[in-house]
Asks: 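A single structure is presented below for examination.
Remember, it's 1-based here, ligands and their atoms both numbered in the order they're listed.
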Amino acid sequence: MSIVLGAIADDFTGATDLANNLVRAGMRTLQVIGVPQGALDLSDIDAIVVALKSRSCPAQDAIGDSLAALDWLQDQSARQIFFKYCSTFDSTDDGNIGPVADALLDQLGARQTVMVPAFPVNGRTVYQGHLFVGDRLLNDSGMEHHPLNPMTDADLVRTLSRQTPHTVGLLARPTLAAGPEQARAHLDRLEKQNVRHVICDTLDEADLTVLAATLAQSALVTGGSGLGQALPAEYRRLGWLENVDNAGQLAPASGASLILSGSCSRATLAQVEHFLSRFEGFALDPIALADSDDQITEALAFARDRLSRTDPVLIYASATPDKVKQAQEQLGVAAAGERVERALARLAKELVAEGVGKLLVAGGETSGAVVSALGISTLRIGEQIDPGVPWTQTHLPGRETPLSLALKSGNFGEVDFFSRAFEVLS
Ligand code: ADP
């Protein structure tokens, strides 16, 4: 069967989040990092998620990257295109959600698309076009202080209208509650009135199911990973999707287990502490890293001594806010972060070459640095460890067996995540 869903995600962890939901709903999913250069084996793949970095860049760059991704997905004959953004509609008045959606519609020759950011299980719902995070309106949820995309208006019809010259409409809950036929008729009526973008209310999973039934055959849908959770059942009903027992089945993992942590988020700090109560770890200090490579040499020696054992080995820069502040004051914020990212990326490269086959990385930016140092361009998505974080697998040049990789951003995962992740895998 061919590729059913081709998704374009505006950031890396958002892409994984969507891919994870697709797998859980029964689609065999590949995440690709940027637009692939060479040919890929897609013979047992139902969905592809292209991870871009287009959320906060200039709108023209976001459009260019998104259209290149669309071109490539069209070459793979994807039946439906999904533009994935954050469930808090992260964008500014200049974009990039409106401009990218407009460009995708133009290239697809379609006249209308929907906006379904809601992710009810995570407390993101939309009512009368207003986005809520838990029981707060978006502009009162903390998102109004976001450093890159401050969200100061919860009215998504109004917010999106500032990002597009076209008309924005609403599919409100009462129409949605009447079922897919009524919802479809409403969208068609709006299309006749040249309404190009339709914000969709969504209060719960039942609303997502109605939306999926309404939208599965549209050329382009846009939204958060909640919609991704609901669409596969509809594809199956349409006969587009093969029934597979376990869409997250990966090849058996092999090799030594390593954890690299550059995240200083509260959840990660607790995970590091929990892990160190049972196993060994090596702490990196950005100030020492700035002076010489001695710490890297010591960390390598520490890991090499232990990798032949079955227990995972932890190397971490994760530190409490006061220690981070101290390093930042001495080195500068960006330089302190870069030192740590560079050190962890180098350790990943050397230790994977020396036999690490199961690698867990904590930290969004840290994961980006490791993925790029290892030259990873595709990730086959496997079983979920904790919500939003799956094991993945990738093939590296010159390596016979695949590398198993789990990339955990900031506040994800339960306190025992570091040790349990490897138990899930074996
Ligand atoms: P998260 O997903 O938790 O936000 P990231 O990896 O995205 O984690 O960001 C953490 C940043 O903090 C990275 O740039 C990392 O290099 C940096 N960092 C990690 N440890 C320290 C430390 N001890 N002092 C200063 N910066 C650090």
Asks: Gln163 and Ser91: side-chain donor and acceptor closer than 3.5 Å?
Replies: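 Yes, Ser91 and Gln163 have a side-chain donor paired with an acceptor closer than 3.5 Å.
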Asks: Side chains of Arg236 and Asn243: is there a donor and an acceptor less than 3.5 Å apart?
Replies: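 Side-chain D/A pair, Arg236 to Asn243: present.
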Asks: Is it true that Thr13 and Ser409 share a donor-acceptor pair across their side chains at a distance under 3.5 Å?
Replies: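 The answer is no; no qualifying pair exists.
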Asks: Using a 3.5 Å distance criterion without hydrogens, assess whether the side chain of Thr268 forms a donor-acceptor pair with backbone atoms of Cys264.
Replies: no
Asks: What are the atoms of ligand 1, with element, lying closer than 4.0 Å to any heavy atom of Glu365?
Replies: 5 (P), 6 (O), 7 (O)
Asks: Hey, which atoms in ligand 1 end up nearer than 4.0 Å to a heavy atom of Gly364?
Replies: 1 (P), 2 (O), 5 (P), 6 (O), 7 (O), 8 (O)
Asks: Using a strict cut-off of 4.0 Å, indicate which atoms of ligand 1 neighbour a heavy atom of Gly410.
Replies: 1 (P), 2 (O), 3 (O)
Asks: Going by atom types only, do Thr164 and Asp102 share a side-chain donor-acceptor pair under 3.5 Å?
Replies: yes
Asks: State whether the shortest distance between N or O atoms of Thr366 and N or O atoms of ligand 1 falls below 3.5 angstrom.
Replies: yes
Asks: Work out whether the distance between some heavy atom of Val324 and some atom of ligand 1 is less than 4.0 Å.
Replies: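 A heavy atom of Val324 does come that close to ligand 1.
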Asks: Identify the closest protein heavy atom to atom 8 (O) of ligand 1: which residue and atom is it, and at what distance?
Replies: Gly363 CA, 3.3 Å
Asks: Give me the nearest non-hydrogen protein atom to atom 22 (C) of ligand 1 as residue plus atom name, then the distance to 0.1 Å.
Replies: Pro286 CG, 3.6 Å
Asks: Check this for me, if you would: do Arg196 and Asp106 make a salt bridge, where the nitrogen-to-carboxylate-oxygen distance has to be below 4.0 angstrom?
Replies: yes
Asks: Do Asp41 and Ser43 meet the criterion of a side-chain donor-acceptor pair at a distance under 3.5 Å?
Replies: yes
Asks: Closer than 4.0 angstrom: is that true for some heavy atom of Lys323 and an atom of ligand 1?
Replies: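 In this structure, Lys323 fails to qualify as a contact of ligand 1 - no heavy atom is under 4.0 Å.
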Asks: Does any N/O atom on Ser263 come nearer than 3.5 Å to any N/O atom on ligand 1?
Replies: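 By distance alone, the answer is yes.
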Asks: Please report whether ligand 1 has a polar contact with Ser265, defined as an N or O pair separated by less than 3.5 Å (distance criterion only).
Replies: yes
Asks: I need the atoms of ligand 1 closer than 4.0 Å to a non-hydrogen atom of Glu341, numbered in the order shown.
Replies: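 Atoms satisfying the 4.0 Å criterion: 13 (C), 14 (O), 16 (O).
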Asks: Looking at Arg162 and Asp93, is any side-chain nitrogen of the basic one under 4.0 Å from a carboxylate oxygen of the acidic one?
Replies: yes
Asks: In a check of side-chain contact (heavy atoms from CB on, under 4.5 Å) between Asp204 and each of Asp207, Leu208, Thr202, which one passes?
Replies: Asp207
Asks: Which ligand 1 atoms are under 4.0 Å away from a heavy-atom of Ala319?
Replies: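 Answer, ordered by atom number: 23 (N).
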Asks: With a 3.5 Å distance limit and no angle check, can you tell me whether Asp46 reaches the backbone of Val4 through a side-chain donor-acceptor pair?
Replies: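 Looks like no, no N/O pair under 3.5 Å.
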Asks: For atom 19 (C) of ligand 1, find the nearest protein heavy atom and state the residue, atom name and distance (0.1 Å precision).
Replies: Gly262 O, 3.1 Å
Asks: Out of all atoms in ligand 1, which are within 4.0 Å of some heavy atom of Ala317? Include the element for each.
Replies: 20 (N), 21 (C), 22 (C), 23 (N)
Asks: Could you tell me whether Gly337 and ligand 1 have an N or O pair separated by under 3.5 Å?
Replies: yes
